[in-house]
There are 2 protein chains.
Amino acid sequence: MEKPVFPKMEPGHVWLVGAGPGDPGLLTLHAVNALGEADVIVYDALVDQQCLSLAAPGAVLEYAGKRGGKPSAKQRDISLRLVELAREGKRVLRLKGGDPFVFGRGGEEALTLVEHNVPFRIVPGVTAGTAALAYAGIPVTHRDINHSVTFLTGHDAGGVVPERIDWNGVARSSPVIVMYMAMKHIGPIAERLMIAGRPPSEPVAIVCNGTTEKQQVLESTLATCTADVAASDLIPPAIVVVGEAVRLRAGLDWLGALAGRKLDSDPLGSGVRETGRDAE
Amino acid sequence: MEKPVFPKMEPGHVWLVGAGPGDPGLLTLHAVNALGEADVIVYDALVDQQCLSLAAPGAVLEYAGKRGGKPSAKQRDISLRLVELAREGKRVLRLKGGDPFVFGRGGEEALTLVEHNVPFRIVPGVTAGTAALAYAGIPVTHRDINHSVTFLTGHDAGGVVPERIDWNGVARSSPVIVMYMAMKHIGPIAERLMIAGRPPSEPVAIVCNGTTEKQQVLESTLATCTADVAASDLIPPAIVVVGEAVRLRAGLDWLGALAGRKLDSDPLGSGVRETGRDAE
């Protein structure tokens, strides 16, 4: 079988690359290749340090994150810095947590590159919304539960619960709701979902530092999640998921099982085993 | 910086691994390691042949796909085959297109492993719903367009348009709708979205064989997509996206640009450049 040949970074080009959710094993080959080839790596706070350890010895690492104790860079400044580095003829790796096009502002950065005629490539990454949940044993889709899933941000540009989201519509049409950057506002969000008709007993999970060695999972319900988060020592980044899919964790917590947890092969309590239906 | 250490496959264990959308450069390191370590690789039709070229020379490749000219395996039979191979003490790699937990039936296969006390690991992959669109220059989220995105399947177990989806709710609450396995039913789906209030002029893109060398992109609208698909020579697998995000392709078609296409740095025609807002 033909072995794949991968593109190489070129001087003066920018690669906007998703680093995935944290576990360096979830880096893509394109991302690893870029880490090994880049002259400069402009990375943000959600990029795991172990991922950066794969950079070439001579590469310059520039922090451009917006969290933590270090000074924040403005989005426009980051984009213009990419332009500047590319114009110096550098091979520029812009490494972002997760996927650059999933709540990652990659489109904005890329349009600034277009504005300044800088050639670029987009490399998708594994997004935390699916992977952090997978590491918690929660599939975002499962045939007995849902045929659709909605991903949303739990805050907007002003840092408050986004009014641009139609919470009633989401509550009604999305059996499973996956939320990025929502832990801080979990109280008002849970309240809105219950007002829109979601049952107070509906399961909720909060996964902090998903896929990393620091991963923590809190299982709760819409009615109790606000108090449970307040009583916990959890800190972001976190993914919050609302829906019956959370119940599958009792059967699919594979990380727990590798550490000795006994799993339940019928976590939905349906008595229904896998069917022979094949169409999906 | 500390270099990452990766888990190794153990005899009698099954790894349920996402192979990503097609481009072997989007394989994760865990997937590549598993390809190199597995005794048996049970793969489905959506796994690219170039990904399989990374298997160890002695590995047995078993086809378990549900497409193409070869006979189909039933889902339950595939799961039981994984149990059987694990019990023989094999290191078993179950390689699925995309992500096993995103419309991939990974949860069902894993529960069968639990039922039979077979230890397993889940390795998420890059899902086609984001990556095929990224390779077409379409971000599934963009701050000026949407704070939520819905992923759904375009058919259900019976192979028809899924009735379990609340199309009115999705139309109302999801500015961007990403559909898997929807090309065949694009007519009735577009019809329902328009009945639910989405404008006939709303842009639609269909990306076939996304991220591979055979990638084809068709841009259309809700009103015209049925006829446009019928008049095309496109064949699945495809991702269909509905929403204003499609307009960004004029600015972000980086694959086209690498081949000479002139991009538009203001594809939404808003005159608005990137802002300095940083909260998201």
Side-chain angles (χ1 to χ4, degrees), chain A residues 1 3-4 6 24-30 49-50 53 66 74-76 99 101-103 107-108 110-112 114-115 120-122 124 126 130-131 134 139-142 147-153 157 159 162 164-166 169-170 172-173 248 251-252 254 263 265 274 276-280, chain B residues 1 3-4 6 24-30 49-50 53 66 74-76 99 101-103 107-108 110-112 114-115 120-122 124 126 130-131 134 139-142 147-153 157 159 162 164-166 169-170 172-173 248 251-252 254 263 265 274 276-280:
Chain A
M1 271 179 284
K3 294 263 182 193
F6 297 114
L26 296 177
L27 285 166
T28 65
L29 287 179
H30 283 321
Q49 287 294 315
Q50 285 201 314
S53 75
K66 298 182 213 153
K74 288 216 185 295
Q75 181 61 54
R76 179 74 178 171
D99 181 297
F101 277 0
V102 182
F103 305 116
E108 291 171 74
L111 288 176
T112 300
V114 172
E115 190 186 340
F120 66 100
R121 178 179 284 271
I122 304 290
V126 175
T130 54
V140 297
T141 71
H142 192 72
H147 285 62
S148 71
V149 55
T150 294
F151 295 79
L152 56 83
T153 44
R164 283 199 276 174
I165 287 173
D166 175 352
V170 169
R172 176 178 154 195
S173 63
L248 289 164
L252 298 175
W254 57 271
L263 298 181
S265 68
E274 191 177 27
R277 295 176 301 173
D278 280 332
E280 191 167 308
Chain B
M1 272 179 281
K3 293 263 182 192
F6 297 114
L26 296 177
L27 284 166
T28 65
L29 287 180
H30 283 323
Q49 287 294 315
Q50 285 201 313
S53 76
K66 298 181 213 152
K74 288 215 184 297
Q75 181 60 55
R76 178 75 179 171
D99 181 298
F101 277 1
V102 182
F103 304 116
E108 291 172 73
L111 288 176
T112 300
V114 172
E115 191 186 340
F120 67 101
R121 179 178 283 271
I122 305 290
V126 175
T130 53
V140 297
T141 71
H142 192 72
H147 284 63
S148 71
V149 55
T150 295
F151 296 79
L152 57 82
T153 44
R164 284 198 275 174
I165 288 173
D166 175 353
V170 169
R172 176 179 155 195
S173 63
L248 289 164
L252 298 175
W254 56 272
L263 298 181
S265 68
E274 191 177 27
R277 294 175 302 172
D278 279 333
E280 189 166 308

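Numbers restart at 1 for each chain; the letters A, B, ... are given by sequence-line order, proteins then strands.
- The candidate with the highest count of non-hydrogen atom pairs below 4.5 Å against chain A, out of B:A134, B:S173, B:G169, B:G107, is B:S173.
- Residues that satisfy the ring-ring contact (aromatic ring centres under 6.0 Å, His included) test with A:H30, not counting sequence neighbours, are A:F6.
- Checking side-chain atoms of B:K3 against main-chain N and O of A:S53 turns up a donor-acceptor pair under 3.5 Å.
- Atom CG of B:L27 sits about 9.0 Å away from atom OG1 of A:T28, to the nearest 0.5 Å.
- Using a 4.5 Å cut-off between heavy atoms, B:L248 contacts chain A through its side chain alone, with no backbone atom that close.
- A salt bridge links B:E115 and B:R76; the closest N-O separation between the charged side-chain nitrogens and carboxylate oxygens is under 4.0 Å.
- Counting heavy-atom pairs under 4.5 Å between each of B:V149, B:L263, B:V170, B:V126 and chain A puts B:V149 at the top.
- In this structure, B:F120 CZ and B:L111 CG are separated by 7.5 Å, a value rounded to the nearest 0.5 Å.
- Residues passing the salt bridge (Lys or Arg N to Asp or Glu O under 4.0 Å) test with A:R172 are B:D166, sequence neighbours excluded.
- Ranked by heavy-atom pairs shorter than 4.5 Å toward chain A, the options B:G25, B:S148, B:P124 are led by B:G25.
- Looking at A:I165, the atoms closer than 4.5 Å to chain B (heavy atoms on both sides) all sit in the side chain, from C-beta outward.
- Proximity to chain A (any heavy atom under 4.5 Å) is shown, for B:I122, by both the backbone and the side chain.
- Of all the listed residues (B:L152, B:T130, B:T150), the one sharing the greatest number of non-hydrogen pairs under 4.5 Å with chain A is B:T150.
- The residue among B:P24, B:A110, B:A131 with the most heavy atom pairs within less than 4.5 Å of chain A is B:P24.
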